[in-house]
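Below is one structure, written out as structure tokens, with a few remarks after it.
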Amino acid sequence: MTLAWSAAGATDVGRVREGNEDAFRADPGRGIFLVADGMGGHAAGEVASGIAAQVVHAGIASALDSGARGAQLPGVLREVMLEAHAAIVTRCAGAPEMRGMGTTLSAAVVEPSGGLHLAHIGDSRIYLLAEGRLERLTRDHTWVERELEAGRITPAEARRHPLSHILTHVLTDDAKPVFDVSSRAANPGDLLLLVTDGLYNMLTDAQIAEIATSGLPLPARVDALIAEANRAGGTDNITSILIEISG
Ligand code: MN
């Protein structure tokens with residue numbers, strides 16, 4: 001079986017922020033998709049997410065173009081995440097005003113042979129919508145998610161927790177990055193969704209699933225997700241990529 005796919009992605013500043021510190025890449029020709037959400041003063045967040053998106057996309061593209069496939073790709077993903085970290089460290093070295101900048105990064109690589117490889121750090125998310133069910137394929141690297149997993153707070157408490165935005169892992173100029181790499185199978189009919197927190201914090205899982213599976217063309221579904229997040233407040237930058245996999 002050979003998989004095919006189509007994809008659409010967009011980013012929006014939202015209704016409150018002055019600049020957009022999110023970045024994304026959608027490269028359906030190669031099957032590379034990623035979102036990044038930067039943070040830092042003096043527009044440094046934009047620099048961090050921009051560097052990470054560029055380095056990770058270019059690194060995966062070059063490996064695929066040289067023939068990397070299947071079981072080699074998790075290693076490729078680990079390597080490019082470390083390269084993105086190194087590029088952020090280098091950018092900050094000569095620029096004190098950039099110190100402390102950081103970014104989330106959630107990347108998915110889909111292979112025609114059916115492989116799906118993910119790399120993830122921070123609190124952007126990758127969802128899988130299969131048979132009408134929305135499943136999250138990434139774990140938020142947040143203080144709240146850690147407390148939730150340890151059973152110290154309830155899901156209801158987590159949703160409204162004042163510390164919900166505190167990240168435990170992120171690509172930044174100091175700490176060695178702690179990130180997740182995983183692989184699984186992709187199947188015809190799967191719908192993959194990559195989003196930053198500006199999208200999922202504004203919408204319920206049910207709203208996300210309903211818009212993502214509506215009969216509209218993919219770009220219109222992406223626009224509708226962003227429009228709905230803006231209608232719900234748009235308090236942060238909003239980024240969304242939808243990938244529809246067929247047989
Ligand atoms: Mn955000």
Side-chain angles (χ1 to χ4, degrees), residues 9-26 33-57 81 84-85 88 98 100-108 118-127 134 136-146 148 158-173 175 177-180 192-205 207-208 211-212 222-242:
T11 188
D12 188 82
V13 67
R15 293 170 57 191
V16 174
R17 301 289 178 91
E18 281 184 4
N20 192 345
E21 299 190 318
D22 284 0
F24 77 98
R25 293 287 188 284
F33 306 94
L34 65 86
V35 294
D37 180 346
M39 58 218 66
H42 301 95
E46 206 176 306
V47 174
S49 61
I51 289 173
Q54 198 274 327
V55 169
V56 169
H57 173 247
M81 292 293 271
H85 174 245
I88 288 171
M98 296 284 162
M101 72 180 183
T103 185
T104 72
L105 195 295
S106 297
L118 311 177
H120 166 75
I121 187 166
D123 69 346
S124 300
R125 290 180 178 175
I126 301 175
Y127 293 95
L134 188 71
R136 211 203 308 164
L137 302 184
T138 50
R139 206 161 44 99
D140 293 349
H141 294 147
T142 57
W143 182 87
V144 152
E145 187 108 333
R146 211 171 52 188
L148 198 56
R159 223 167 295 124
R160 293 282 161 240
H161 202 283
L163 296 179
S164 63
H165 62 287
I166 302 287
L167 295 168
T168 50
H169 304 307
V170 70
L171 283 175
T172 175
D173 62 318
V178 177
F179 52 84
D180 300 325
L192 286 168
L193 182 59
L194 281 69
V195 299
T196 56
D197 63 341
L199 190 286
Y200 71 72
N201 278 334
M202 294 289 117
L203 303 177
T204 64
D205 282 5
Q207 282 175 304
I208 293 172
I211 299 169
V222 168
D223 289 348
L225 281 166
I226 289 173
E228 201 55 37
N230 271 323
R231 236 190 311 278
T235 56
D236 193 3
N237 305 143
I238 308 159
T239 303
S240 168
I241 302 174
L242 259 180

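Start at 1 and go down the list; that is how both ligands and their atoms are numbered.
Between E46 and R17 there is no salt bridge, since no side-chain nitrogen of the basic residue lies less than 4.0 Å from a carboxylate oxygen of the acidic one.
Here the options are D197, D37, T103, the test is side-chain contact (heavy atoms from CB on, under 4.5 Å), and the partner is S124; only D37 passes.
Within the protein, the number of N/O/S atoms found under 2.8 Å from the Mn ion (ligand 1) is 3.
T11 has its side chain within reach of N20: a pair of non-hydrogen atoms, C-beta onward, lies under 4.5 Å apart. Residues F24 and F33 are not in side-chain contact: their nearest non-hydrogen atoms beyond the backbone lie 4.5 Å or more apart.
A side-chain donor-acceptor contact under 3.5 Å links D22 and T196.
Without hydrogens or angle criteria, H169 side chain to H120 main chain gives no donor-acceptor distance under 3.5 Å.
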